[in-house]
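Numbers here simply count residues along the sequence, with the first being 1.
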Amino acid sequence: MKKLRINPLVSVDLKNIKEFIAEDNPEMALKTVQEIYSQFEYIQQFPSMGADLAKRVSFRTDYKYVVWNNYVVLYKLGNEYVEIYRVVNRFQDIMRILD
């Protein structure tokens, strides 16, 4: 199994997600973040499961993505690792995030 790396920006993403949901439902906020972490584990176990982001954008990129509920997990595959790059709301402009 490949090693899992998590970009420091992911902690900011998850904090923002948790705070947004917690405004209405603190328990759901915690559950959502835990389930996103579970997605990281799935990606680590099955790194090829995601779709190639290059097929969805107008530029060349090595990123892959998976969609879980309202969130998109962007990641890259290395020879010995999987790096989780960002977690964004599926309605956000991914192009701006990658700039």
Side-chain angles (χ1 to χ4, degrees):
M1 182 180 334
K2 293 183 183 247
K3 294 180 183 176
L4 183 64
R5 292 184 184 175
I6 300 177
N7 184 312
L9 293 172
V10 171
S11 65
V12 175
D13 295 337
L14 294 176
K15 179 180 177 271
N16 291 338
I17 291 167
K18 185 176 178 183
E19 287 175 353
F20 180 77
I21 297 171
E23 290 177 9
D24 294 326
N25 188 335
E27 290 177 21
M28 181 56 78
L30 181 60
K31 181 180 179 191
T32 299
V33 169
Q34 289 172 336
E35 290 178 0
I36 292 171
Y37 271 109
S38 293
Q39 294 303 307
F40 298 169
E41 293 172 2
Y42 291 140
I43 292 168
Q44 182 183 18
Q45 291 175 347
F46 307 103
S48 298
M49 75 180 205
D52 293 331
L53 185 60
K55 294 178 181 176
R56 307 281 299 186
V57 296
S58 60
F59 56 89
R60 186 181 164 340
T61 181
D62 294 333
Y63 287 102
K64 295 178 81 61
Y65 70 96
V66 295
V67 177
W68 174 80
N69 286 347
N70 285 330
Y71 301 98
V72 177
V73 179
L74 299 170
Y75 67 98
K76 271 189 177 182
L77 298 177
N79 289 332
E80 299 186 16
Y81 66 88
V82 175
E83 180 181 5
I84 306 298
Y85 181 67
R86 297 295 300 265
V87 179
V88 298
N89 186 289
R90 69 184 180 128
F91 299 108
Q92 282 182 278
D93 182 1
I94 293 175
M95 301 286 279
R96 286 188 50 210
I97 292 165
L98 293 175
D99 284 343

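- Expressed to the nearest 0.5 Å, how far CG of D13 lies from CG of N89 amounts to 11.0 Å.
- Listed by first and then second residue, the salt bridge (Lys or Arg N to Asp or Glu O under 4.0 Å) pairs that reach into residues 38-49 come to none, sequence neighbours excluded.
- Among residues two or more places apart in sequence or in another chain, the side-chain hydrogen bond (donor to acceptor under 3.5 Å, both in side chains) test is passed with R5 by none.
- Under the rule for a salt bridge (Lys or Arg N to Asp or Glu O under 4.0 Å), K18 has no partner lying at least two apart in sequence or in another chain.
- For K15, the side-chain hydrogen bond (donor to acceptor under 3.5 Å, both in side chains) partners at least two apart in sequence or on another chain are E19.
- Two residues are said to be in side-chain contact when any heavy atoms from C-beta on lie closer than 4.5 Å; T32 and Y71 meet this criterion.
- For the side-chain contact (heavy atoms from CB on, under 4.5 Å) test, residues two or more places apart in sequence or in another chain that qualify with N25 are E27, M28.
- Rounding to the nearest 0.5 Å gives a distance of 6.0 Å between CG of L74 and CG of L53.
- Residues D62 and R60 have side chains in contact (heavy-atom distance under 4.5 Å, counting atoms from C-beta outward).
- Qualifying side-chain hydrogen bond (donor to acceptor under 3.5 Å, both in side chains) partners for N69, counting only residues two or more places apart in sequence or in other chains: none.
- The side-chain hydrogen bond (donor to acceptor under 3.5 Å, both in side chains) test applied to K76 returns no partner, not counting sequence neighbours.
- Listed by chain and residue number, F40 satisfy the ring-ring contact (aromatic ring centres under 6.0 Å, His included) test with Y37 (two or more places apart in sequence, or in another chain).
- Applying the side-chain contact (heavy atoms from CB on, under 4.5 Å) criterion to V12, with sequence neighbours excluded, gives N16.
- Listed by chain and number, the residues in a ring-ring contact (aromatic ring centres under 6.0 Å, His included) with Y65 amount to none (sequence neighbours excluded).
- Residues meeting the side-chain contact (heavy atoms from CB on, under 4.5 Å) test with L77, sequence neighbours left out: P47, K64, Y75, V82.
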